[in-house]
Protein chains: 2
Amino acid sequence: MSDTNNIDKIGQLLRQGGMSVTEKRVQILHLFFAQPGNALRHADIEQQLGSMDRVTIYRTLHTFLEKGLLHTIPNADGTAMYALCKDECHEGHHHDDHVHFLCSQCGVTICLDGIVVPQVKLPQGYAARQMEMVISGTCQTCNI
Amino acid sequence: MSDTNNIDKIGQLLRQGGMSVTEKRVQILHLFFAQPGNALRHADIEQQLGSMDRVTIYRTLHTFLEKGLLHTIPNADGTAMYALCKDECHEGHHHDDHVHFLCSQCGVTICLDGIVVPQVKLPQGYAARQMEMVISGTCQTCNI
DNA sequence: CGCATTTTTGCAACGTTGTTGCGAATTTAA
DNA sequence: TTAAATTCGCAACAACGTTGCAAAAATGCG
Ligand SMILES: [Mn+2]
Ligand SMILES: [Mn+2]
Ligand SMILES: [Zn+2]
Ligand SMILES: [Zn+2]
């Protein structure tokens, strides 16, 4: 997908979710569309966008999260990671049942959109609502 | 298991791992043995032990982690959770392949020691080393 | 046991991540 | 174009975690 196509799609997505189309939101969302499967931390965005205020990045990530544009990925180190949702996600209603991969060599976090989190049978009395699966190891690039 | 038995076992475990047996370590480990399947946060320990220094708690958790007495549980909110390892875990070599359950009602995090994380087939080129699975929903107690 | 050595603890100070309040700037809608 | 609503940047704060260092406690040995 070309860069201009991404920018068109971004404006459209924002309006669809009832958000105003601002320069900052477009810039941040553009980073995610540049590498669709990749998760980003707040710090990654701050670094790549140089001059944007920290608080604006935090608030934008929250907005995108609740509007169903991004989802979070649980990780052992304490920092939040965000990645693009598929089109089926909407405001307050996520459909992200895929496995996440964390490369312990290069640090990249990847959505394995094709791999669905397998069901497990819980002990009597437990009711599952959401299942998260994170696999760590070495990624395609680091294995060459 | 009785309280005195726990205290015996705790001293034994510490010596086995080559750690000195100190009052603080015994107190912290005792909390974990009091409710074996339950995970604890730094803040839980600080609250339950009242007068212990924050830094001592952090350092003790790290020590127990690297000695194979505790393992961490990845979670979406940014705080680290710790739970007792099984006997098969040793220094720098964990064997924790069980599913974790997080109750979104009462907040408890539980090791489902009997439920093994299922295998998944990764795309070509990825090499898995560790797999984490966290299921959230409502626990036995909250479902009554 | 008594004593020297090693390890742990508490305190203070600092770093990082994330949140909140508020006025200025931007976006939207009329 | 203009007024209202929203967003942005700054400052200040809070929570979580780390590091250096001196005092206290644990360990090992004669
Ligand atoms: Mn994902
Ligand atoms: Mn566990
Ligand atoms: Zn990699
Ligand atoms: Zn519960």
Side-chain angles (χ1 to χ4, degrees), chain A residues 7-8 10-31 39-67 69-82 91 107 109, chain B residues 7-8 10-31 39-67 69-82 91 107 109:
Chain A
I7 291 183
D8 287 353
I10 283 169
Q12 198 182 318
L13 264 176
L14 291 173
R15 267 181 289 265
Q16 269 177 26
M19 291 169 269
S20 4
V21 180
T22 70
E23 187 192 354
K24 315 294 165 183
R25 284 178 181 162
V26 172
Q27 283 179 17
I28 291 178
L29 207 43
H30 192 257
L31 283 185
L40 296 175
R41 277 182 280 266
H42 175 277
D44 300 324
I45 298 169
E46 192 175 15
Q47 189 210 321
Q48 292 189 49
L49 294 183
S51 66
M52 194 178 298
D53 188 78
R54 294 172 358 93
V55 180
T56 301
I57 299 174
Y58 281 117
R59 290 201 264 232
T60 305
L61 289 170
H62 287 165
T63 303
F64 290 171
L65 193 66
E66 76 179 43
K67 293 293 184 176
L69 266 59
L70 298 179
H71 61 278
T72 53
I73 298 158
N75 62 345
D77 94 330
T79 60
M81 306 217 58
Y82 298 84
E91 180 157 358
T109 299
Chain B
I7 291 182
D8 286 353
I10 284 167
Q12 197 181 319
L13 264 177
L14 290 173
R15 268 181 287 265
Q16 267 176 27
M19 291 169 270
S20 3
V21 180
T22 70
E23 187 192 354
K24 315 296 166 181
R25 286 180 180 161
V26 172
Q27 283 179 18
I28 291 178
L29 207 43
H30 192 258
L31 283 184
L40 296 174
R41 276 181 281 265
H42 175 276
D44 300 324
I45 298 169
E46 192 175 14
Q47 190 210 321
Q48 292 188 49
L49 294 184
S51 66
M52 195 179 297
D53 188 78
R54 299 170 52 244
V55 181
T56 301
I57 299 173
Y58 281 118
R59 289 200 266 232
T60 304
L61 290 170
H62 287 166
T63 302
F64 289 172
L65 192 65
E66 77 179 45
K67 293 293 183 177
L69 267 59
L70 299 179
H71 62 278
T72 53
I73 298 158
N75 63 344
D77 95 331
T79 61
M81 306 218 58
Y82 298 84
E91 180 156 359
T109 299

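Chain naming here is simple, since letters A, B, ... match the order of the sequence lines and numbering starts at 1 in each. As a basis for the values below, the full set of heavy atoms in this structure was taken, side chains included, without hydrogen atoms, waters or symmetry mates. All of these numbers come straight from a predicted model, not from anything done at the bench.
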- Query: If every non-hydrogen atom of A:Gly11 is compared with every non-hydrogen atom of A:Val21, which pair is closest and at what distance?
  - Reply: O-CG2, 3.9 Å
- Message: Angle between the two end axes of the helix from C:dC1-D:dG30 to C:dA30-D:dT1, five base pairs per end, rounded to 10 degrees?
- Response: 40°
- Message: I'd like to know if the side chain of B:Asn75 reaches the main chain of B:Thr79, judged simply by a donor and an acceptor atom lying under 3.5 Å from each other, with no hydrogens or angles considered.
- Response: yes
- Can you tell me the distance, in whole Å, between the CD1 atom of A:Ile57 and the P atom of D:dG9? 9 Å
- Message: Using 0.5 Å steps for rounding, measure from the CG atom of A:Leu61 to the CG atom of A:Leu40.
- Response: 9.0 Å
- Provide the closest heavy-atom pair for A:Ile57 versus A:Met52 in the form atom of the first, atom of the second, distance. CG1-SD, 3.8 Å
- CZ of B:Arg41 versus P of D:dA15: gap in Å, rounded? 14 Å
- Query: Hey, does A:Glu23 have a side-chain heavy atom less than 4.5 Å from the side chain of A:Gln27?
  - Reply: yes
- Message: What is the distance, to the nearest angstrom, from the CG atom on B:Asp44 to the P atom on D:dA15?
- Response: 15 Å
- For the residue pair B:Thr60 and B:Thr56, what are the closest heavy atoms and their distance? OG1-O, 2.7 Å
- Any donor and acceptor pair, going by atom type alone, linking the side chain of B:His42 with main-chain N or O of B:Arg54 inside 3.5 Å? yes
- Message: Minimum heavy-atom separation for A:His62 and A:Tyr82, please, with both atom names.
- Response: CD2-OH, 4.2 Å
- What is the per-nucleotide protein-contact pattern of nucleotides 6-19 of chain C, from the 5' end, where B denotes a base atom under 4.0 Å from a protein heavy atom, S denotes such proximity for sugar-phosphate atoms only, and - denotes neither? -SSBBBB----BBB
